[in-house]
Amino acid sequence: MPRFDVLTLFPAYFEALRTQGICRRAFDSGVVELHTWNPRDHAEGAHRTVDDRPYGGGPGMVMLAQPLQRTLHAAQQARMRAGRGPAPVWLFSPAGQPLRQDMVRSIAASPGALLVCGRYEGVDQRFIDRHVDAEISLGDFVLSGGEIPAMALIDAVARLQPGVLGDALSAQQDSFSDGLLDCPHYTRPPLFDGLPVPPVLLGGDHARVARWRRDRMLELSWRRRPELVEALQRAGRLDADDLRLLDALRLASQP
Ligand code: 9WO
């Protein structure tokens, strides 16, 4: 039952998670807890200042360490009062370690985390040095804040909680559960705009369907993300049928 404590100047972003879709189910049933903490509520002065100009000059503003530290302490104390153990503090940044599904799975089975959402040009480095345990990236692009990455992480964790997906197998069967990209999916009608559904899927032979899906996962992964296939092969997680399919793909790609 992970609990997330999110430090954000824009808590309203997280209302969408609380009120929509799969994540709403997770919060309603209490298998994931979400609390937001606004550094503005822990800022000083009539203007409740949370940012200031960067030392050394340059454009934009930097988030002040002091209000962030007070906010973090308030969140950590609330976790303690709720009988939760200490949790790691993470900051979302393109300079962080890329988020991966194996990490999502381990967070899903953990007490949760405190998530710091940066804004403006960034966060005073001394707050990061003092308090942040890890930086997490969702990819090589720049956003206007860490809120959307925080929501992405919470969503990825929420859907793995027991009882959250209607079908318990869905979480197991999707992309990356096996370290591979997902296979293509089809539904009605059997002919769309002249495009047929692969006949094997209409045949009702469940073993053949399973093999076809596995082959398509391997093929797509081999074409787009060969390093995923190599990692499985090194880990000894490909069986004889898998290796035969990969041999056929390699042969067919020879000039
Ligand atoms: C921005 C940035 C750019 C290049 C290298 C390192 C960097 N760190 C940050 C940063 O911490 N920015 C703060 C959070 C303040 C500005 C908005 N922020 C942000 C986070 N933009 N983009 C992200 C982000 C986070 C995770 N994955 C992709 C992008």
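Both ligands and their constituent atoms are indexed starting at 1 by order of listing.
- Closest heavy-atom contact between A113 and A87: CA-CB, 3.9 Å.
- In this structure, Y13 and F10 have perpendicular ring planes: the angle between them is above 60°, well past the 30° mark.
- Salt-bridge formation is not detected for the pair D215/R208: no Lys NZ or Arg NE/NH1/NH2 atom is positioned less than 4.0 Å from an Asp or Glu carboxylate oxygen.
- Of the protein's heavy atoms, P94 CD, 3.7 Å lies nearest to atom 24 (C) of ligand 1.
- Of the protein's non-hydrogen atoms, the one nearest atom 22 (N) of ligand 1 is L143 N, 2.9 Å.
- Between E33 and F27 the shortest side-chain heavy-atom distance does not fall below 4.5 Å.
- Taking atom 6 (C) of ligand 1 as the reference point, the nearest protein heavy-atom neighbour is A95 CB, 3.6 Å.
- Taking every heavy atom of S144 and a limit of under 4.0 angstrom, the matching atoms of ligand 1 come to 17 (C).
- Near F92, meaning under 4.0 Å from one of its heavy atoms, ligand 1 places the atoms 14 (C), 20 (C), 25 (C).
- The closest protein non-hydrogen atom to atom 25 (C) of ligand 1 is S93 N, 3.4 Å.
- Closest to atom 13 (C) of ligand 1, if we only count protein heavy atoms, is G122 CA, 4.0 Å.
- Closest to atom 16 (C) of ligand 1 among all protein heavy atoms lies Y120 O, 3.0 Å.
- Within ligand 1, counting atoms from 1 as listed, the ones closer than 4.0 Å to a heavy atom of I136 are 26 (C).
- A donor and an acceptor atom, one from each side chain of W90 and D133, are nowhere located under 3.5 Å apart.
- At the top of the distance list for atom 29 (C) of ligand 1, counting protein heavy atoms only, stands F141 O, 3.2 Å.
- Here is the list of ligand 1 atoms found below 4.0 Å of a heavy atom in P149: 25 (C), 26 (C).
- Within the listing of ligand 1, atoms 27 (N), 28 (C) sit less than 4.0 angstrom from a heavy atom of G139.
- Applying the 4.0 Å criterion to heavy atoms of G118 picks out, from ligand 1, the atoms 14 (C), 15 (C).
- For the pair P184 and R216, the tightest heavy-atom approach, listed with the atom from each and the gap, is CD-CB, 3.7 Å.
- Here CG of L91 is found 5.0 Å from CD1 of I128. Values are rounded to the nearest 0.5 Å.
- Below 4.0 Å from some heavy atom of S137 lie the following atoms of ligand 1, by number and element: 26 (C), 27 (N).
- Heavy-atom minimum distance, R225 versus E227: NE-OE2, 2.7 Å.
- Scanning all protein heavy atoms for the shortest distance to atom 27 (N) of ligand 1 gives L138 N, 2.8 Å.
- A side chain to side chain contact (heavy atoms under 4.5 Å, CB included) with L245 is found for exactly one of D241, D242, L249, namely L249.
- Salt bridge absent: E121 and R53 never bring a charged side-chain N and a carboxylate O closer than 4.0 Å.
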